[in-house]
Amino acid sequence: MILGMHNPIIAALDVATAEQALKLAQEIAPAVGAFKIGKELFTSAGPEIVKRVRDTGAQVFLDLKFHDIPNTVAKAVAAAVRLDAQMLTIHTSGGGEMMRAAEQAAQQTALQAGKNAPLVLGVTVLTSLDARGLAELGWEANVGKQVERLATLAAASGLRGLVCSPLEITALRKILPAAMQLVTPGIRLGTEPGDDQKRTLTPREAMEAGANWLVIGRPIYAAAQPRAAAEHILSSLA
Ligand code: C5P
């Protein structure tokens, strides 16, 4: 790992219950930089899970992908800041006004609470959508072009970070401000049995391409020894 670099591993707590999530979080907290809480865990365990995971000392990435009118998204973002999330997601397809409202709510709520503003991350095109799916929506059918269009709008709307697939990092780095934080899932070491992630990079490849954070789920939580798996991934970045 480059000297002084933060630990870029965000371990996805993709488990069903608070008990499972907290057991995993306590075990691997020293080896990761943050935990991702997604829709399943948040919906089953409730908002309290954010505070309980924060109690392990790690940062929390609340991945609820807000998409609504600007006023509603702003209020949801403010609530996430009060829960003490350090990163959260919104859909860039909600539009520029929605993104500006989200970023402003993050900054203002954090200021009032005496915290650092969380990183509001824009999601561009879901990786489950292909050219046909985009055309069905009446969108630009070229996935790469649509990703670039939404990413450019996100930057112009004041967002300081984006979620992107590993294979989008290089193209996005060419068109985005250098300070834009890129968070990427789809990370595999190449040694695990096949699963549903098709377009993957190794942790090292993704960092070298320009990612700032790596979202890693199954390679850690489904490993026989999750803590050792996280430590192994971290050492692969050295
Ligand atoms: O288990 P795995 O490493 O594939 O988990 C990746 C995590 O990143 C999951 O929480 C998944 O929902 C999320 N994610 C993804 N691909 C995207 C967006 C999010 O895998 N395009």
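In each ligand, atom 1 is the first atom listed, and ligand 1 is the first ligand listed. Worth knowing before you read on, the calculation uses all heavy atoms, side chains too, and leaves out hydrogens, waters and symmetry mates. All residue numbers refer to positions in the sequence shown, counting from 1.
- Among protein heavy atoms, atom 6 (C) of ligand 1 sits closest to Gln197 NE2, 3.9 Å.
- Close approach to Arg188 involves these atoms of ligand 1, each under 4.0 Å from a residue heavy atom: 1 (O), 2 (P), 3 (O), 4 (O).
- Although no hydrogens or angles enter the test, the distance criterion places no donor-acceptor pair under 3.5 Å between the side chain of Arg52 and the main chain of Ala21.
- For ligand 1, the atoms lying closer than 4.0 Å to a non-hydrogen atom of Gly217 are 1 (O), 2 (P), 3 (O), 5 (O).
- Interface atoms of ligand 1 facing Pro185, defined by a heavy-atom separation under 4.0 Å, are 8 (O), 14 (N), 15 (C), 16 (N), 17 (C), 18 (C), 19 (C), 20 (O).
- Taking distance alone, with nitrogen or oxygen atoms compared against 3.5 Å, Lys65 stays at or beyond that limit from ligand 1.
- Distance alone, capped at 3.5 Å, places no donor-acceptor pair between the Thr92 side chain and the Ala154 backbone.
- Every atom of ligand 1 is numbered from 1 in the order shown, and the set under 4.0 Å from a heavy atom of Arg218 is 1 (O), 2 (P), 3 (O), 4 (O).
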Quiz prompt | Trace of the side-chain contact (heavy atoms from CB on, under 4.5 Å) decision for Ile90 with Leu64 | solution = CA-CA 7 Å; Ile90 63 173; Leu64 300 180; over 6 Å; no

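- Nearest non-hydrogen protein atom to atom 21 (N) of ligand 1 is Thr127 OG1, 2.7 Å.
- Below 4.0 Å from some heavy atom of Val215 lie the following atoms of ligand 1, by number and element: 7 (C), 8 (O).
- For ligand 1, the atoms lying closer than 4.0 Å to a non-hydrogen atom of Asp14 are 9 (C), 10 (O).
- The shell of residues lying under 4.0 angstrom from ligand 1, judged by heavy atoms, excludes Ser165.
- Between Tyr221 and ligand 1, no N or O atom pair is found at a separation short of 3.5 Å.
- The pair Lys115-Asp84 meets the salt-bridge criterion, since a charged nitrogen lies less than 4.0 angstrom from a carboxylate oxygen.
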Quiz item: Passes salt bridge (charged side-chain N to carboxylate O under 4.0 Å, His left out), Lys23 versus Glu19? Steps please.
Solution: CA-CA 6 Å; Lys23 183 169 174 283; Glu19 289 65 37; over 6 Å; no

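- Of the polar atoms of Asp63, none of the N or O atoms is found under 3.5 Å from an N or O of ligand 1, judged by distance alone.
- Note: the hydrophobic cluster containing Ile28 also contains Ile216 (ILVMFWY, side chain heavy atoms under 4.5 Å, direct or indirect links).
- Of all the heavy atoms of Pro219, the ones lying under 4.0 Å from any atom of ligand 1 belong exclusively to the side chain.
- Checking side-chain atoms of Thr184 against main-chain N and O of Cys164 turns up a donor-acceptor pair under 3.5 Å.
- Taking every heavy atom of both residues into account, Asn7 and Ala31 meet most closely at ND2-O, 3.0 Å.
- At a cut-off of 3.5 Å, with distance as the only test, a side-chain donor of Gln107 or Glu103 sits close to an acceptor on the other residue.
- Scanning all protein heavy atoms for the shortest distance to atom 12 (O) of ligand 1 gives Lys36 NZ, 4.0 Å.
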